[in-house]
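By convention in this document, chain letters (A, B, ...) are assigned in the order of the sequence lines, proteins followed by strands, and residues within each chain are numbered from 1. Heavy-atom basis, side chains included; hydrogens, waters and symmetry copies ignored.
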There are 2 protein chains.
Amino acid sequence: MPSSVPNKRIRKSPAARRAEIVAAAASVALTEGLECITLRRVADELGVRPGLISHYFPAADDLVAEAYGAAVGSELDELLPADRCGATPTRHLARFFARASGEAYDDISRLWLNARHLSRYRPALRERVGVQENAWRDRLEALIRDGVDAGEFRTGDPLVTAVQILVVLDGLGMLVNGADGGEDLPVVRRLPIATAERELGLPVGTLDAVPAPVRADAPGGRSPSGRTG
Amino acid sequence: MPSSVPNKRIRKSPAARRAEIVAAAASVALTEGLECITLRRVADELGVRPGLISHYFPAADDLVAEAYGAAVGSELDELLPADRCGATPTRHLARFFARASGEAYDDISRLWLNARHLSRYRPALRERVGVQENAWRDRLEALIRDGVDAGEFRTGDPLVTAVQILVVLDGLGMLVNGADGGEDLPVVRRLPIATAERELGLPVGTLDAVPAPVRADAPGGRSPSGRTG
DNA sequence: GATGCTATTGAGTGTGCGACCAATAAGCAA
DNA sequence: TTGCTTATTGGTCGCACACTCAATAGCATC
């Protein structure tokens, strides 16, 4: 039964193979951690030999940085899409917090924590972390700026407010590997939302998850609950 | 010249040797990171053979946890001493932020980041991190509670306020390995102090570092700047 | 000064890692 | 079909790690 050990070589285009390798490494990074990205581990994932990974990434550190960038970058696109088609900044920010506070986000928190520590030793990763930090900050700042322009938010400095929100999120993310699995206090869990509402001059509760999400991905409709100023 | 390789054995009492090992490991943890605590590295530090470290710590993970606990525990004693002899809570809190915002604190930030990530893989360390988290939170909460009792602070829930401050400190600590060596914005660097002043009902600037510290360790005198609500 | 306890050594085991390289075969082009 | 390019393999090397254990020697006690 050769299905378990198919010696048959499958030859792919360099671009496809490289993308495959990065995707597999990103998956390992999200589920097991960046230090589990080894030539052998990724090769096993793809059913190839370790030497092949070395061929595409002569320095293993570069694969680690690339995998981190892929995982965190795609999460950012889902969390804070570059083009917000029609929906109000307030609703987008609420969606952001809904996702960033759920348990599904724990893997991302772990990855940030992982990367920020590991970048102490790996220059390539450190550089990538800097790039992603800027990307996340810029994306959130743009959202806040739009909200200010639309009259929904009120803040003196959108950049500082964005950083402030991200700092609180990071601070809570630090606890993701804790014994109790995070904080049990709901007031602590709500800290990022509370910070945003305070700094943006929003009434308490504005950014909480809506109980009944409007018909999934309705493209054009204006949110009925949008409250301006 | 036997000074470079002194084969002479030096036999010490188990308690003394064990303390020596933990101290050396803690030093490595602070300067190089917890994953650099290896049997060989610690043995070299002390001029002994790796087997000796194994003898005192049959499981290396236990040494890592112990070293972390020693480093972070002693830092806590210096940062928030259990017995605050005479000085006001306000002054103590200002001292806390003065130290916790300086560059000298970077090693501690790195260690927290390091431990919180590594505790993902090492149960013994995870438990120790939980213990230290509680200790730090309790110590800060006690300080805040004293301040409230003395009429210096105003907050609904000292525990929540303590957690809030620590979360912001942790969030900034996440950036300690960053490319630029932290945030350049002074408003961001002041975030923990601003959070504390806001949550404790203190005038802006109350918790900033005093330019001229009162004569070092004057024991009894009441602070002349103590303001009671 | 002799004796016994045990702290300490030295040597060795097995594992997993990144990196290197000649040999091989897959798949495209002629 | 034939030939060529190169993606892929298989094997190997050196290194660092935790852990084990019998042998050794420091030191307190008598």
Side-chain angles (χ1 to χ4, degrees), chain A residues 2 4-25 28-29 32-68 114 118 120-125, chain B residues 2 4-25 28-29 32-68 114 118 120-125:
Chain A
S4 63
V5 181
N7 299 11
K8 192 86 165 77
R9 295 186 183 183
I10 299 176
R11 193 187 172 105
K12 301 191 174 182
S13 81
R17 185 63 91 181
R18 189 186 166 93
E20 198 182 36
I21 291 172
V22 170
V28 171
E32 304 171 34
L34 291 168
E35 31 274 282
C36 293
I37 298 180
T38 67
L39 304 184
R40 287 162 180 78
R41 181 75 185 76
V42 174
D44 284 353
E45 200 83 5
L46 296 176
V48 298
R49 312 294 312 171
L52 184 60
I53 315 298
S54 269
H55 174 69
Y56 283 94
F57 291 90
D61 285 5
D62 291 336
L63 174 57
V64 172
E66 192 77 15
Y68 157 80
N114 194 169
L118 203 60
R120 173 177 186 175
Y121 306 104
R122 315 230 183 167
L125 179 60
Chain B
S4 63
V5 181
N7 299 12
K8 193 82 163 75
R9 296 186 182 182
I10 300 176
R11 193 188 171 102
K12 302 192 174 181
S13 82
R17 185 63 91 181
R18 189 186 166 93
E20 197 182 37
I21 290 172
V22 170
V28 171
E32 304 171 35
L34 291 167
E35 31 274 282
C36 294
I37 298 180
T38 67
L39 303 183
R40 287 164 181 74
R41 182 75 184 76
V42 175
D44 285 352
E45 200 82 6
L46 296 175
V48 298
R49 313 295 311 171
L52 184 60
I53 314 297
S54 271
H55 173 70
Y56 284 94
F57 291 90
D61 285 5
D62 291 335
L63 174 57
V64 172
E66 192 77 16
Y68 157 80
N114 194 169
L118 203 60
R120 173 178 186 175
Y121 306 104
R122 316 232 181 165
L125 179 60

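As a whole-Å value, the separation of Lys8(B) NZ from dA7(C) P is 17 Å. When the P atom of dA7(D) is taken as reference, atom CD1 of Ile53(A) falls 14 Å away, rounded to whole Å. When the C1' atom of dA25(C) is taken as reference, atom CD1 of Ile10(A) falls 13 Å away, rounded to whole Å. Taking atom CG of residue Asp44(B) and atom P of nucleotide dA16(D), one finds them 11 Å apart after rounding to whole Å. To the nearest angstrom, P of dC19(D) lies 10 Å from CG of Leu63(B). In this entry the distance linking CG of Leu39(A) with P of dT12(D) reads 18 Å, nearest Å. Atom CD1 in Ile21(A) sits about 14 Å away from atom P in dG18(C), given to the nearest Å. Distance Leu46(B) CG to dA7(C) C1': 14 Å, rounded to the nearest Å.
Side-chain N/O atoms of Arg11(B) include none lying less than 4.0 angstrom from OP1 or OP2 on dT8(C). Phosphate proximity of dT8(D) to His55(A): absent, as no side-chain N or O sits under 4.0 Å from OP1 or OP2. A sub-4.0 Å separation between OP1 or OP2 of dA18(D) and a side-chain N or O of Ser54(B) is absent. Between Arg49(A) and dG10(D) there is a side-chain polar atom (N or O) within less than 4.0 angstrom of OP1 or OP2.
Side chain Arg40(A) to base dG18(C): a donor-acceptor pair is found below 3.5 Å. For Arg17(B) against dT8(C), a side-chain-to-base donor-acceptor contact under 3.5 Å is absent.
Among the atoms of the strands shown, only primed sugar atoms or phosphate atoms (P, OP1, OP2) are found under 4.0 Å from some heavy atom of Pro14(B). Residue contacts for Pro58(B): at a heavy-atom cut-off of 4.0 Å it reaches the sugar-phosphate backbone alone, with no base atom in range. Residue contacts for Tyr56(A): at a heavy-atom cut-off of 4.0 Å it reaches the sugar-phosphate backbone alone, with no base atom in range.
Between dT8(C), dT9(D), dA18(D), one nucleotide has an atom nearer to the side chain of Ala60(B) than all others, and that is dA18(D). Here dT8(D) is the nucleotide among dA7(C), dG18(C), dT8(D) with the atom lying nearest to any side-chain atom of Arg9(A).
Within the 4.5 Å cutoff, the side chain of Glu35(A) has no heavy atoms near those of the Val64(A) side chain. Residues Ile37(A) and Glu32(A) fail the side-chain proximity criterion, which asks for heavy atoms closer than 4.5 Å. Residues Arg9(A) and Val48(A) form no side-chain contact, since every pair of their non-hydrogen atoms from C-beta on lies 4.5 Å or further apart. Taking the side chain as every heavy atom from C-beta outward, Ile53(B) and Ile21(B) approach each other to under 4.5 Å. Looking at heavy atoms from C-beta onward, Phe57(B) lies in side-chain contact with Val22(B) at the 4.5 angstrom threshold.
Residue Cys36(A) is the one, among Cys36(A) and Gly51(A), whose nearest nucleotide of DNA chain C lies closer to the 5' end (criterion: closest heavy atom).
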